[in-house]
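Notes follow once the structure below has been shown.
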Amino acid sequence: MRNVHVHRHPGRSLRPASLRAAALAAVAMTAVVLGGCSSSPGSSNATSSSAATVAAPGTANSGNITWWASPITSSGADPRTVLVTAFEKAYPDIKVKLISAPTDTDTNRATLTTQISGGAGPDVYMGDVIWPAQFAAHQLADPLSKYLPASYFGTFAPGLVAGATYKGQVYGAPFFEDQGFLYYRKDLLAKNNMKVPTTWEELMTDSRTIQSKGEAQYGYVFQGASYEGATCNFMEFLTDAGGAVLNKDSTSSAVNSAAALKALKFEQELVTSGVSPKAESTYQELQSMNEFSAGKSVFLRNWDYGYSTSQAAGSAVVGKVGVAPMPTFGGESTPGYSNIGGWNLYVNPHSQNVAADLTFIKWMTGNDAQKILATQFSEIPTNQAVRTSADVIKSNAVLAVVPQTKLVPRPAQTPFYPQVSTAIYTNVSAVLAGSKTPATALKDADSAINSALSGGGL
Amino acid sequence: MRKRTMGHRIGLAIASALTALFVVLPIYWMVSTSFKTDAGVSAPSPQWFPNPISGGSYTNAFVDNSFGRYILNSVVVAVAATIIVLALGTLAGYALGRLPMRGKFTTLMVLLMISVFPAIAVIAPLYLLMRELGWLNSYQALILPYAAFNLPFAIWILRNYFLGIPREMEEMGRIDGANPLRTLWSIILPMALPGLFTAGVFTFTACWTEFLMALSFNSSNDFRTIPVGIALFGSPHITPYGTLFAASTVAVIPIAVLVLVFRKSVVSGLTSGAVKG
Amino acid sequence: MSTDRAATPPSLTSRRTLPPETVRKKDVNRRRMARLGWYFSTPALLVVAAVTIFPVVFSLVMSFSNVQVLGSGFQLSGLTLGNFHTVFGSVKWRYALGFTVLYTVVTVTVEVVLGTMIALVLEHLRALRGWMMALLLIPWSLITVISAQLWNYIYDPTYGAADAIFSAVGLGHPVILGSNASAVIAMMVADIWKTTPFVAIIVLAGLVMLPGDVYEAAEVDGSNGWQTFWRITLPLLRPTIALAVLFRILQAFGLFDLPFVLTQGGPGYATTSLAVLGYQAMFTNLSFGPGAAVAVTTAALVVIGCILFLRVFRAQVNEGEES
């Protein structure tokens with residue numbers, strides 16, 4: 001009984017008054033902080049850009065800058081510190097402080113967004129190649145073409161600068177590139193007198209033959225989980241089939257097409273036929289790499305790091321792995337498309353030392369740094385001269401294949417790209433998990449993409 | 001004390017063993033993986049025991065990274081926040097449980113609503129607040145929010161345990177003429193030690209494992225904490241399980257030590273102590 | 001509070017039996033104690049208010065405005081219900097709501113039953129209890145992302161321990177995270193492993209603090225252990241258990257790390273929780289308006305849930321409030 005009255009009187013007279021007071025206080029605080037943040041970053045922004053135009057851009061020889069970059073490799077010497085050391089040797093009066101960023105790309109973006117929109121953050125940051133449109137639209141990156149001449153952007157491999165451009169301005173300097181490759185078991189193909197498949201149909205038949213002899217459990221492992229990687233893989237199948245996700249000016253969806261249906265049906269068939277594992281809908285790079293390194297699969301689609309990882313201690317396929325451009329569908333011109341990944345360097349609009357930032361970026365995308373990245377760390381250089389130089393090509397099996405590949409970017413020319421990609425990968429993964437048919441999945445993706453492009457949807 | 005039959009004892013033993021197994025197996029898997037070589041971590045058929053045993057993951061975690069500093073930062077932040085939470089939470093929990101205030105229920109409900117609010121939603125505005133205060137890259141940027149977000153739970157839980165203490169104990173103090181703060185300190189608090197311990201442990205672990213605020217507010221290595229340090233391991237497509245598990249095995253030790261240190265004074269001290277007797 | 005109390009029979013009768021001057025002294029004392037109560041609680045409330053009021057109000061404001069996150073800060077304009085319209089109209093949100101509710105109900109139920117059982121076992125241990133508690137705290141104090149990675153490693157289709165165990169006992173190679181149902185179950189197992197200790201330790205502290213004489217009375221009655229548990233221990237424990245349930249509901253509704261690491265919300269969006277959805281909206285898509293609306297809606301739903309829960313269980317949570 002006493003409990004009843006305890007509840008009947010929760011400060012009946014107090015509640016409205018105290019709530020009102022609390023609300024007032026909160027609104028006052030909100031106003032103060034909002035007022036504060038809308039004025040101060042604006043002014044600091046103005047000073048930084050005027051400072052940059054006064055100093056000849058990209059030629060500063062002194063200053064302190066911070067560089068935000070996530071880990072590039074997971075063992076051995078850290079390329080980030082190797083590069084910073086080499087840069088400071090070239091420019092002794094510029095001090096670069098490396099801030100290690102979270103490995104997970106989404107967490108990385110979340111932290112950067114919070115810091116930059118909060119009026120702070122690092123001077124230069126390493127960001128994904130799919131960020132430019134979104135970061136440009138939200139003014140989270142300073143346009144580099146405002147400072148650097150067209151001749152600078154001409155030093156990069158074709159297509160890379162276009163991917164970093166939004167509404168005529170270049171926002172990121174391509175730092176190192178990545179792309180899809182077909183890794184294959186040299187020993188198994190040789191044993192069966194097969195040559196490296198150049199079409200998807202061929203890959204499927206070869207896989208089945210080898211699987212039926214019990215020489216490998218799976219034919220092809222790729223990335224089909226509900227995450228960005230599934231979009232990358234789908235882009236390759238889709239472009240091979242002649243389809244596209246968006247129309248030319250990125251204003252509406254083009255994904256509900258016959259070509260897309262062909263691509264998605266093929267992905268589904270890989271799983272239903274047993275050529276790819278039943279668990280494909282859970283496979284990210286890690287899982288597919290593991291299957292291949294364990295010797296369980298004939299073919300693997302993976303990025304540039306796949307080769308060195310397959311040759312690391314503990315792998316069952318050391319010395320048995322070859323790398324080739326991606327296959328395409330029968331009747332299309334070979335090779336198939338490889339999706340572009342990799343990282344750009346961006347400048348924070350709040351940076352107080354843009355001139356030094358640009359010196360740093362120019363050096364990082366120049367000959368010395370790019371050669372270090374390629375020969376010491378097997379990353380694909382973005383600098384066209386380095387990329388095609390003989391000693392880089394012969395330094396690594398993967399880099400030798402790069403000039404033969406055909407690239408396709410993800411449809412990241414819209415600031416709504418994250419939602420576009422989510423629409424693709426959730427639906428692709430649902431098809432691979434067997435919970436949607438390819439036709440329904442494309443219809444769902446189509447409407448989700450259109451609603452994302454109109455600025456709506458979740 | 002209750003009498004114990006043979007069957008009772010056997011039942012207990014089996015139940016404890018099952019409980020222990022349920023908890024232990026995944027932990028065993030984490031610790032044993034931390035001692036495997038890279039090849040052992042990704043052996044096609046799992047190595048139930050690391051073969052060969054290797055400390056390589058520990059070297060990776062501690063030599064190649066500034067992990068020692070992260071541990072120190074975590075200790076500073078978690079200890080400070082826990083002390084604040086226990087001190088303020090005890091006073092508030094006692095008041096809201098035992099003293100005849102108006103508006104108790106409203107206060108408690110508001111506290112509850114605050115702890116409901118999703119952490120992801122408060123990060124961006126809190127960042128603005130921290131920047132305005134000039135607190136980015138500092139210990140207080142974490143201590144204050146940790147204290148604030150853990151206080152509601154601590155107050156609720158302490159209040160609950162205070163409510164369980166017989167009223168006569170306070171009356172005794174009052175008759176002796178002790179002031180309420182003294183009664184709380186010397187009579188109520190000793191009896192509420194298990195509750196205090198529970199609130200303390202939960203606050204500490206919550207601070208110890210918090211990630212989003214630590215990552216966003218403190219980007220300098222001098223103020224980064226363990227969970228942030230762990231998020232910097234690996235590379236985009238490689239999850240270094242061995243290194244991750246080595247770091248987290250070490251990160252879990254302080255918590256276990258904490259419990260074992262307080263075990264004598266708090267936990268078993270009350271097994272047959274004043275409250276039960 | 002004192003006025004309400006005066007209106008209830010117990011205090012009336014007690015008043016009547018006391019001489020008038022004692023009553024007055026008691027009232028003065030009561031007011032003094034009430035003031036003391038506010039002195040005691042103000043520091044804690046101030047700390048909480050200083051940190052939380054601004055972010056909570058800010059999120060509320062964002063959820064009702066058109067928000068643009070720019071490098072120069074947040075730009076809010078207009079008063080709109082558009083964000084909520086977007087949220088409520090989204091198939092994904094409705095699915096995430098259903099998933100989160102189902103997940104909360106199942107995991108909290110299992111964890112509370114299991115946690116209470118563990119607490120009862122621990123209560124009987126003497127020498128080992130400290131060690132067992134230390135052990136129990138390990139899963140709980142593991143960094144959430146790490147425990148998710150641990151389960152990711154266990155569930156790995158190539159070299160995972162779970163796959164090895166399943167195939168060793170003749171269950172073949174089930175696709176653990178690859179079908180909607182099994183991914184949800186696998187996630188629940190990981191959650192139960194990590195969070196049951198939380199419940200067990202709260203309940204254990206409650207058990208340890210129960211007055212010992214009730215057991216003696218029960219023993220005199222000749223009740224067996226089972227009867228004692230149902231008739232005496234459980235009713236006395238109800239406030240503590242209710243508290244554990246309350247906070248577990250709050251935590252479970254905020255489910256984030258497990259899906260974020262284990263499945264990234266997949267396959268499809270089968271394991272996308274409300275928190276994951278809100279996070280994606282805010283930090284991946286940078287649409288803070290709808291993201292804030294997801295957060296605010298979630299908070300509102302949990303508050304309503306908690307109030308309903310407290311309604312049903314209020315006697316339990318507030319037991320012993322006034323004696």
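Hydrogens, waters and symmetry mates are skipped; everything else that's a heavy atom, side chains included, is used. In what follows, chains are A, B, ... by sequence order, proteins preceding strands, each numbered from 1.
Proximity to chain C is limited to the side chain of B:I155, based on heavy atoms less than 4.5 angstrom apart. With a threshold of 4.5 angstrom between heavy atoms, B:T33 approaches chain C through side-chain atoms but not through N, CA, C or O. Both the backbone and the side chain of B:Y161 come within less than 4.5 Å of a heavy atom of chain C. Contact annotation for B:F162: neither backbone nor side-chain heavy atoms come within less than 4.5 Å of a heavy atom of chain C.
Considering only heavy atoms from C-beta on, C:Y159 comes within 4.5 Å of B:Y241 through its side chain. Put simply, the side chain of C:L243 reaches to within 4.5 Å of the side chain of B:I157, judged on heavy atoms. Taking the side chain as every heavy atom from C-beta outward, B:L112 and C:F247 approach each other to under 4.5 Å. For the pair C:I143/B:F211, no side-chain contact is recorded, criterion being any heavy-atom separation below 4.5 Å from C-beta on.
Under the rule for a side chain to side chain contact (heavy atoms under 4.5 Å, CB included), the partners of C:A292 that lie at least two apart in sequence or sit in another chain are C:M62, C:S63. With sequence neighbours excluded, the residues satisfying side chain to side chain contact (heavy atoms under 4.5 Å, CB included) with B:P254 are B:W208.
A donor-acceptor pair under 3.5 Å links the side-chain atoms of C:S59 to the main chain of B:A121, judged by distance alone.
Not less than 6.0 angstrom separates the ring centroid of C:F253 from the ring centroid of B:F117.
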